[in-house]
Each structure stands twice: as C-alpha cells, then as structure tokens.
Number of protein chains: 2
Amino acid sequence: MATIYDVATLAGVSPATVSRVFNGRAVSEDRAQRVRDAAEALSFVPNRTARTLRRQSSEVIALIIPDIENPFFTALARAVEDRAQAAGYSVVLCNTDDDPVKEATYLQIAISENMAGVILVPASDESDLSTIIASGRPVVTVDRTTAFDVDHVMIENEPAGASVTAALFDAGYQRIACIAGPETVVTAIDRARGWRSVVERRGNYNPDLFVRSANHRLDGGRAAMAELLASPERPDAVVATNNLMGVGALQVLNEYGLTPPAFGVGVIGDLPFTTLSPGLVTLVHLPTRDLGTTAVGMLVSRISGHREPARTVLLPGELAAAASVRS
Amino acid sequence: MATIYDVATLAGVSPATVSRVFNGRAVSEDRAQRVRDAAEALSFVPNRTARTLRRQSSEVIALIIPDIENPFFTALARAVEDRAQAAGYSVVLCNTDDDPVKEATYLQIAISENMAGVILVPASDESDLSTIIASGRPVVTVDRTTAFDVDHVMIENEPAGASVTAALFDAGYQRIACIAGPETVVTAIDRARGWRSVVERRGNYNPDLFVRSANHRLDGGRAAMAELLASPERPDAVVATNNLMGVGALQVLNEYGLTPPAFGVGVIGDLPFTTLSPGLVTLVHLPTRDLGTTAVGMLVSRISGHREPARTVLLPGELAAAASVRS
DNA sequence: CTTGATTATGAAATCGATTTCTGCGACGCT
DNA sequence: AGCGTCGCAGAAATCGATTTCATAATCAAG
C-alpha cells in the first residue's frame, strides 16, 4: 500500500502538502495537480488507522444492539446505516445478546478504537455508561432508557400498550392477557403498564393472573403463550410487548388451532415475515426508521461539537387495529 | 484516558516494559506487579488504534453481507460473531444492499483500517476482489462465488434445488414453477438449475414458461408469485430459491386463498418468523451456523499465517419435505 | 520603498503503542 | 580468572497520517 510519503516523493513535494491537498487546505494549483496525479498513479488511499491516531477520532459510529436476529433491530440498523453513510460515517454493528458484559466490552472497544460516537440500545436499565461518558465520546441511547443523562430516542411505550389493549376490548375480547418482556427492560415494563391501566379500567379480572414475563425472543413468546393457555384463568386474547414474542404466541396458538380472530392477538411491533392475512392481528406499528435517523442526527450534531443538555425525543407508535370480528 | 506512558511513570519503569507486561514477554515479577497495579489504578486500556498502526493489523474482522434485514444473513452474522469472539476477534458488520459500489467502499475501509481479515458474501458474481487480495489481507467468501481464487464456503445449491423440486413432484404436484433470484447471483442460478433438471426429467411442460427472476427480497417474491398466478400457464406449485422470496410467495398465495397444500410451496432456506403450521411447506434447511463457523475457522487460520492454495468447502442442505397431502 | 500582513511550503513534532537495538549484570563453563 | 551466553530493561525507532512551527515569498498599505 502506498503511503503519503510515496505520493510526496513522486510528486516532488512534502508529505505535509499531500495531506493538505486531501484535506482541502490551501495548496497552489500546480502542486495540487501533481499530488493528485501521483496519488492516482499509486492508487493511494489514506491509512485510516494513522489518521485516527493523530486526529483522536475516526469516522466510524458504533451501533450496539441486543439481538441482531430481531427484525426490529435490523430495521433500526438499516436506518442508522443509511443516514450515517449520508453523513460520511461508517457503521459497525455490535451484538450484545442482552449481556451487560458483552456490552461493556463493546463500549470499551469503541473508546479504544477512537470511534466517533456510539448509538446504544442498552442491554438493561442497569447498563453502565459511566466509562464511555467519562471518555467524552458522544452517546445516544435508543429504545431503552438508563439512569444516565445522555441523548435519548424512544417510543411512547405506555400509550402503545394501552391502545393495543383498548382495541382488543373494542373488538369484543374480555380477558386479555399480556406477554411482557424481561423486568430489566424499561420498554417492556412501560408497555405492560399501558396494558395494565386499560385492564384495570375495562377488564373484569385480576391483571396479576394474566401477565407473564418472558425473554424477548421467539421461544419466550412460545413458552409464555403455552403457559397462559394451560392456566385455569384462560384468556381469550393476548398482548405481546414485542414482535418476536408475538410471533411465538401466534405459533403456539396456531398449534392449538386457535388462530385470530378466534383468539385475539395484539402485538407492539411489526411482523414483517409472517404470512398472516393482514387485519387479523391488532398491532402497533413502530417508527423504526425515525428512531434510527433521529439517533444519528443527534449523534452527529454532538460529534460536531454541539454542547447542550441531553435531549429526549419521544416518537409515537401507530395503531393498526384488526377488524372487530367478534362484535 | 491513561496511556502506556502514564502507567510507566507511575510504576517507575519504561513504556517498553509496560508493553511487555501486557503482551506476555519476559519481565521480572516485581516490576510486572508494579505495572499491573499502576494500570489498575489508572484503569488503563491500551489504545487499539496505536497498536493497530504499529502492528499493521487489528483484531477486527469485517463481515460484509448483502442484506442485513434477511434472517439468513443475520443468522450467519450471529454464528460468525460467536466464533470470532471465541477466537479473540471482534466483528464489524457491513451491509452492501447488493450494491457493488458500497461493497468496494467497505473493502477499501477494511484495508485502510488494517482489519485482520474479511468474510464476504459477494454482492454479485462480478464483485471485484483484486484490491483486497493485492493488499494481502485474508478473504473468505461465503454463500456466493466469484471468479477470484480465495477460500470459499458454500452450500450445495443445485442438489438443494433438485431435492425440493423432486419432493413436490413426489407429493403429487405436476406443474411446479420456480421463483429464482437475480441472474447475477450464482446461488440463485445453481438452485434454479437444480429445479430445472428435475422438471426436465419429470415435468410435462416447458420450464422456460414457469420460471421468474426476482430480487431476493419479500417484494421480489410477491411480484413473481402474482405474475405466475396471473399467467395462462398456471402452476400448481412453486419453488422459491431463497427464504424471503418464499415468504413473499406465501403471502400472495394466502391473499388468493391458496394456502398449502392447495398450492404446493417449496423453499430453499428456513422460515423462522412465519406462523405456518409446520409440515405444510417443503423446505431445505440451510446449515447457516456451519457456514459461519467454517468461514471464521478458515479466516483465522489464514490470519495466523497459513499458506496454502485456496480451499472450497461445500455444505449440504437438509430436505424437510411436507407430507404428501395430494396423493 | 519600507513595513506588516498574508500565503504557501517544508521540517519536525505528534498521536500511543510495539519492537528493535543496545547495554548491563548474572551465570556457567573451562 | 576470563569469556561467552542469557535474561531483563531502557532508549529510541517505527507505523502513517495530521498539524504546529518556522521560513521564505508575495502583496498591500502607508
């Protein structure tokens, strides 16, 4: 690989001049042209490692997510990447598996690789951001909150949980259960709270008997749904607080011969890869793209030196109610 | 952030000694302990950028895939990450969107960031690997071939296409169409060839009228399926050469009221997020995990200096035939 | 015509780690 | 005792770019 010195030698100038040409500083036109020709001839590409070491900052953004196999997060990643690319940054994607240790490792790597900034979906509400914050690198959290004072983009979770539950009541279901995510994830807690508030108002049963906590994946949804179906207080509908648990629940229902609308299903999140007829499942569409682009926007403004108190952006979900087939 | 010099000063030794302690070279025990204590006190973490610059190689592997929203590739990414982590490497994930320009950019970044190696799912059979190969960085291609002589892991595509088609004939379907991926992707070509070979042997129709080329995503499958259903030569079954096109086809069939087994469906790939009853769709399960772990294994051995002619590993798919409900 | 300001340029310092080179002291062998 | 070997440790070079600093040349203003 050709270095800046090779280019300088070939063009008959100093390395400093070569650097200036590539960074848009004042260089006389004839020299600049000689440099460009030399660089072309040697197919010179600046070494990012050296640049990063000197500049103390790279053009790479870390996107740290809990589960790369969840379409919600890949859609987020997609949005983040598109927007970051447009702003001149590359994105590296890191998967924590909801493991705080992995998360800490990736945050450490972000620091020691001098990355420009971090977009983080925290593994839990106890994720430790103190090190990365102390390092001065900008951080934006997305989708889930922590106790730390950083820029944040999230969804209006409680209203999402409430509206999907209300829609199921409206459709005529009477005993609506809830498959909630892990208790360490605020998103799950808030959505379940939304469900609970509506049940307390409109339901004629004890919510505590109708809620199951599960991991945020397919098998979590499956297990919880099976449990609900086996319980003596059998529900006639269910709200899943994320997409994959929703799919798991639908799979189990299908195995029991209970497809919607025979059994009501509400999901907070989208189901991109299912083959269900549209309109049978009540769902809250989440603004994944907005989530990602907003986060990148905030991060980039911080990277360019923006100093202000941390901001929080709340984005609403959009209810897509199933037809009220039960009425 | 504390540097190696800070640690050296605090411990009363030279920076070289600090480096040696962290890299397992001979250092007397008392000094080593002083260094460790100092590092602990300053919460020192080595700067990877500086290390990479000096070593001319980082501990980061680039995984470049065409579509991060396709569960096949995210499962691959998952496998790659797990295995790489175990071998002491981090993985950065790059999404090319099947765009050769984006792909070239990421390959260039891999070089100029001094990454340890690249695992690549080529965007097309014309992807240009000459630059990355010339750079001396190890490359392993996965799933799709190119004309370049590099280590490669792929699936036995033609047999996969043949077996799924044969299974549909066995189940009693007679006019089996094919939704094939883009013509620039060898995987798609080979799988379609497998379908064709069986049709030529067992079908009583002209294969050319029953094949549609589509993009590898949901909408590609949907469009192709709709077209097939509207054609005068209407098929009674279809083979989709990848997972997402399969889902798209199933969605359209569902909208037409044609769910399997009324209409036969074969898919090469897995359908993790569907809610179909198992056993209705004939599919070829792909060894995604093996694909990823094998690729990492080959790459790591190259990184550690293994010199030998490029190897190709072929992994078989596994047929899961639907019950022959038509017979 | 001088002086101060401005511009273009190269030399050299810098980022933070690794690694080579060099030297010192201890040890073993004859 | 003398010589070679070995191990440990520090000084300094190195990776490749950016950036500061110094300098020479050019220009404008008085």
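The analysis underlying the following values was restricted to heavy atoms, covering all of them including side chains, and did not include hydrogens, waters or symmetry mates. Naming convention: chains lettered A, B, ... in sequence-line order (proteins, then strands); numbering from 1 in each chain.
Within 4.0 Å (heavy atoms only), A:Ser19 reaches at least one base atom of the nucleic acid. Residue B:Val18 is classed as having no contact, given no heavy-atom separation below 4.0 Å to the nucleic acid. Using a 4.0 Å heavy-atom criterion, one finds that B:Arg20 contacts the bases of the nucleic acid, with or without backbone contacts as well. Across all strands, B:Ala16 comes closer than 4.0 Å to base atoms (heavy-atom distances). Within 4.0 Å (heavy atoms only), A:Phe22 reaches no atom of the nucleic acid at all.
Dashed line: the shortest gap from a side-chain N or O of A:Thr49 to OP1 or OP2 of D:dG16 is not under 4.0 Å. Taking side-chain N and O atoms only, A:Ser14 has no distance below 4.0 Å to OP1 or OP2 of C:dT9. Put simply, A:Gln56 has a side-chain N or O that comes within less than 4.0 Å of OP1 or OP2 on C:dG16. Within the 4.0 Å cut-off from OP1 or OP2 of D:dT18, not a single side-chain nitrogen or oxygen of A:Arg25 is found.
If you take CZ of B:Phe44 and C1' of C:dG16, they are 9 Å apart, rounded to a whole angstrom. Atoms CZ (B:Arg55) and C1' (D:dA13) sit 17 Å apart, rounded to a whole Å. One can place CD of A:Glu29 at 16 Å from C1' of C:dT9, the figure rounded to the nearest angstrom. Summarising the geometry, the separation between CZ on B:Arg31 and P on D:dG7 is reported as 17 Å, rounded to the nearest angstrom. For the pair B:Asn47 CG and C:dT18 C1', the computed distance is 12 Å after rounding to whole Å. Taking atom OH of A:Tyr5 as the reference point, atom P of C:dA12 lies 12 Å away to the nearest angstrom. Atom CG of B:Leu53 and atom P of D:dG16 are 7 Å apart (whole Å). Regarding A:Asn23, its CG atom lies at a distance of 10 Å from the C1' atom of D:dT19, rounded to whole Å.
Between the side chain of B:Arg54 and the base of D:dG16 there is no donor-acceptor pair of N/O atoms closer than 3.5 Å.
Distance from the side chain of B:Thr3 is smallest to C:dG16 among D:dA9, D:dG16, C:dG16. The listed nucleotides are C:dG16, D:dA9, D:dA17; the one nearest the side chain of A:Ile4 is D:dA17. When each of C:dA17, C:dG10, D:dA9 is scored by its nearest atom to the side-chain atoms of B:Ser28, the top-ranked nucleotide is D:dA9.
Within a 6.0 Å radius of CD in A:Gln33, more than 12 heavy atoms belonging to other residues, nucleotides or ligands are found. A:Glu183 CD: 12 or fewer foreign heavy atoms inside a 6.0 Å radius.
A salt bridge (charged side-chain N to carboxylate O under 4.0 Å, His left out) with A:Asp151 is found for one member of A:Arg302, A:Arg307, A:Arg311 and no other, namely A:Arg302.
Defined by atom type and a distance below 3.5 Å, a donor-acceptor pair is present between the side-chain atoms of A:Asn114 and B:Thr49. For the residue pair B:Ser112/A:Asn47, the side-chain donor-acceptor check at 3.5 Å is not satisfied.
Remark on DNA chain D: of its neighbouring residues B:Ala50 and B:Ala26, the 5'-side contact belongs to B:Ala26, judged by nearest-heavy-atom nucleotide.
With hydrogens and angles ignored, the 3.5 Å screen pairs a side-chain donor or acceptor of A:Ser127 with a backbone N or O of A:Ser124.
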